[in-house]
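Contents: one structure, followed by commentary.
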Amino acid sequence: MLKEIIYFLLNLAEQLLRRWVMIGLIHGLLTVKFRYSGREKWVKLGFVILSTAYYLAVNYLPPLKRFFYGQEEGMLASRASIIPLFLSLLLMLVYCFSFYAGKKSSIFYLAFTAYTVNELILFTLHALFVVLMEIISTILTSIALNGNAFILNHFMQLLGVIEIFWNLSYQIVFLLLCCKVIQTLYKNLSCIGRKRNSIQELFLLVPSVMGFCFCTLIRSILYAYNGSQIKFVMDEYPETKLLIPIVSGLCLVSIILSSVILRKLVESSEKEMLVEVYQNRIGDMEEHMKDVEHLYDGIRGMRHDMKNHLADLEILLGQEKRASGEYEKEVRRYLDGLCEAMEELDMKCSSGNPVTDVVISRKMRSAAKKMITFESSFIFPEKLGISAFDVSILLNNGLDNAIEAAEKERDPFIYLDSYAKSNMFFIEIRNSFTGSLYPAEAGGMLPTSKEDSKIHGLGMKNMQSCAEKYFGTLRWESNGKEFLLEIMLQGKETKTNGKEWD
């Protein structure tokens, strides 16, 4: 009786800890649904209690034992455990879908993989510990047969104590290995992030499915009672004592390696994208420098030619054609030419920063050439500690997209605005847009008609990188008449020269 109580308590403790480790993978990588926010620990604990209660009910309640196994004493064959196993997995999936937010495929993969890892570790260690117990029993029997009176007289008691320590050591090693595997998966999957595409998720899922199928196969053939004798596959086929832990261990390694390989591929892809982003930023800087050089060259040229212009005006004013009025026309044409030259050097806007002045003025001239109405009330937040170069990247890419979309419309327009609220700075770009955005595009890549969509992707990547640098975000929406791009940045101070939110 005492032995049964000890076994029950050890089993209960192991099942509770096992499920706590299993749900840890899901709980660490997913967030609970909004209506359960603030009760995250209870959600995690709820799964542990519910799944453990299911396990105890199936294995200790006589009606359920009779229903699943055909008798109250327990299983006559290991394959009888397959249906309870599938129901336990189903319970875990339903629980995770009910309480955790995220893509259904991600929730399925994490729950399924956590369960498969549990099964693979079980069969990897079980075969090894069975062999270990056989070795210990053989040694103990040999000592007893060689005349050791103490062991001979207390053989069953010693065997019972060894069996208890065998179970305890098995459970400890199982939990330690399970924790290590789950931690490794968590480390790699958290680096990959939540935005995994379908191909990546399939790449991760295949090893888990293979491992689960292997575990199901082993359960179907592991042992079965034949009359009063038990037929154990490891006894009939001794090679399986080595093959089962090797194959289950390899399945376990393949699950880990799939996450490691995908993490390295994602990191490599992100590094390549980062290099392209910086190259794109350098291109923006070069374009900006050309604008500034053009402005300064124009000023220097105008300054150099001013003496000649004044001399020409003096000559025109001294001509003797005043009576006919010809000199007024000549002077007017000359002055108009000077005004046009000065107009080229004039800034189309005054945002409070020379960098953003040049960027917005250049985009205004570009929009004017395409007959697009462009209005700006942008004010640079000089006291928020936001880099003018970063803002210029946001304006360059955002206004390029706006011009590209607006020039296709019948009544094209672009409105650029900015405002500050406490230490938050907002940039709004509105443009005419009568198209529509598909729901799948929400939060994803903006639509483009460019032949090289990769260039468009780099522009968006630039904008997202700049926004994230200031703990900000990008948001866009369309109502069928206009398109709105809103950029939110977080500054360092609360005082601004921008407009306050009414």
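Nothing fancy with the numbering, it's 1 onward along the sequence. Reckoned from all heavy atoms, side chains included, excluding hydrogens, waters and symmetry mates. Quantities reported herein were computed from a predicted structural model and do not represent experimental measurements.
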Next item on the list: Return yes when atom NZ of Lys33 has more than 12 non-hydrogen atoms of other residues, nucleotides or ligands closer than 6.0 Å, and no otherwise.
Entry: yes
Check: Measuring from Leu257:CG to Leu262:CG, what's the distance to the nearest 0.5 Å?
Finding: 12.5 Å
Margin query: To check you understand the geometry: which heavy-atom pair defines the closest contact between Gly249 and Thr124, and what is its length?
Written below: N-OG1, 3.4 Å
Next item on the list: Could you tell me which non-hydrogen atom of Ala402 sits nearest to which non-hydrogen atom of Ile429, and how far apart they are?
Entry: CB-CG2, 3.9 Å
Notebook entry, point to check: Taking the six-membered ring for Trp, are the ring centroids of Phe8 and Tyr60 within less than 6.0 Å of each other?
Noted result: yes
Next item on the list: Compare all side-chain heavy atoms of Ile261 with those of Leu265 and state whether any distance is below 4.5 angstrom.
Entry: yes
Note to self: Donor-acceptor check, side chain of Asp390 to backbone of Ile386, threshold 3.5 angstrom: yes or no?
What the structure shows: no
Notebook entry, point to check: Does a donor on one side chain and an acceptor on the other come within less than 3.5 Å for His126 and Tyr170?
Noted result: no
Check: Distance-only, no hydrogens or angles: does the Asn397 side chain make a donor-acceptor pair with backbone N or O of Asp400 under 3.5 Å?
Finding: no
Notebook entry, point to check: Given Asn188, which of Arg263, Gln183, Lys264 fulfils the side-chain hydrogen bond (donor to acceptor under 3.5 Å, both in side chains) condition?
Noted result: Arg263
Notebook entry, point to check: Which atoms form the tightest heavy-atom contact between Cys96 and Ile23, and what is the distance?
Noted result: SG-CD1, 4.2 Å
Margin query: Can you give me the closest heavy-atom contact between Ala101 and Leu30, atom names plus distance?
Written below: O-CD2, 3.9 Å
Checklist line | Non-hydrogen side-chain atoms of Gln15 and Tyr55 separated by less than 4.5 Å | finding: yes
Notebook entry, point to check: Is the backbone N or O of Ile255 less than 3.5 Å from a side-chain atom of Ser258, with the two atoms forming a donor-acceptor pair by type?
Noted result: yes
Check: Are side-chain N/O atoms of Arg219 and Ser81 paired as donor and acceptor at under 3.5 Å?
Finding: yes
Checklist line | Atom pair CD1 (Ile246) and OG1 (Thr240), whose distance is rounded to the nearest 0.5 Å | finding: 11.0 Å
Notebook entry, point to check: Taking Thr52 for the side chain and Ile49 for the main chain, is one N or O donor matched with an acceptor at less than 3.5 Å?
Noted result: no
Check: Please walk me through it: do Tyr100 and Val43 pass side-chain contact (heavy atoms from CB on, under 4.5 Å)?
Finding: CA-CA 9 Å; Tyr100 289 95; Val43 171; 3.7 Å; yes
Margin query: Tell me whether Ser88 contacts the main-chain N or O of Pro84 through its side chain, where contact means a donor paired with an acceptor under 3.5 Å.
Written below: no
Item checked: Close side-chain approach of Val117 to Met22, heavy-atom, < 4.5 Å -> no
Check: Hey, mind stepping through Tyr109 and Ser106 against side-chain contact (heavy atoms from CB on, under 4.5 Å) and telling me if it holds?
Finding: CA-CA 5 Å; Tyr109 164 73; Ser106 295; 5.8 Å; no
Next item on the list: Could you walk me through whether Phe165 and Ile162 pass side-chain contact (heavy atoms from CB on, under 4.5 Å), step by step?
Entry: CA-CA 5 Å; Phe165 278 102; Ile162 291 172; 5.9 Å; no
Note to self: Check for me whether the distance between the ring centres of His27 and Phe47 falls short of 6.0 Å.
What the structure shows: no
Next item on the list: Hey, could you give me the CG/CE distance between Leu120 and Met210, rounded to the nearest 0.5 Å?
Entry: 10.5 Å
Item checked: Test side-chain contact (heavy atoms from CB on, under 4.5 Å) applied to Gln490 and Asn423, step by step -> CA-CA 6 Å; Gln490 183 174 336; Asn423 69 327; 3.6 Å; yes
Checklist line | Between CD1 on residue Ile218 and SG on residue Cys213, distance to nearest 0.5 Å | finding: 12.0 Å
Next item on the list: Answer yes when Glu477 and Arg475 have at least one side-chain N-carboxylate O distance shorter than 4.0 Å, and no when they do not.
Entry: yes
Item checked: Donor + acceptor pair across side chains of Glu428, Ser418 (<3.5 Å) -> no
Next item on the list: Please check if the side chain of Ser137 supplies one atom and the backbone of Glu134 the other of a donor-acceptor pair under 3.5 Å.
Entry: no
Notebook entry, point to check: What distance do Lys231 atom NZ and Ile221 atom CD1 have between them, rounded to the nearest 0.5 Å?
Noted result: 12.0 Å
Note to self: Are Asn401 and Leu485 packed together at the side-chain level, in the sense that at least one heavy-atom pair is separated by less than 4.5 angstrom?
What the structure shows: no
Check: Relative to the ring of Phe212, is the ring of Phe86 parallel (under 30°), tilted (30 to 60°) or perpendicular (over 60°)?
Finding: perpendicular
Item checked: N/O donor-acceptor pair under 3.5 Å between Trp20 side chain and Val48 backbone -> no
Next item on the list: Using a strict cut-off of less than 4.0 Å between a Lys/Arg side-chain nitrogen and an Asp/Glu carboxylate oxygen, indicate whether Glu40 and Lys44 qualify as a salt bridge.
Entry: no
Item checked: Beyond-backbone contact of Phe425 with Ile487, side-chain heavy atoms, under 4.5 angstrom -> no
Check: Of all heavy-atom pairs between Leu93 and Phe112, which one has the smallest distance, and what is that distance?
Finding: CD2-N, 4.4 Å
Item checked: Heavy-atom side-chain contact between Phe232 and Leu222 under 4.5 Å -> yes
Check: Does a side-chain heavy-atom distance below 4.5 Å link Phe97 with Lys104?
Finding: yes
Notebook entry, point to check: So with a 6.0 Å cut-off around CD1 of Ile164, is the heavy-atom count from everything else above 12?
Noted result: yes
Checklist line | Greater than 12 external heavy atoms within 6.0 Å of Met133's CE | finding: yes
Checklist line | Donor-acceptor contact present, side-chain Tyr69 to main-chain Ala77, <3.5 Å | finding: no
Notebook entry, point to check: Could you walk me through whether Ser105 and Glu201 pass the side chain to side chain donor-acceptor pair (under 3.5 Å) check?
Noted result: CA-CA 8 Å; Ser105 57; Glu201 289 179 343; 2.6 Å; yes
Note to self: Rounded to the nearest 0.5 Å, what separates atom CG in Leu204 from atom CD1 in Ile199?
What the structure shows: 11.5 Å
Checklist line | Considering all heavy atoms, the nearest Ser387-Tyr470 contact | finding: N-OH, 3.0 Å
Notebook entry, point to check: Is any side-chain heavy atom of Ile135 less than 4.5 Å from a side-chain heavy atom of Val131?
Noted result: yes
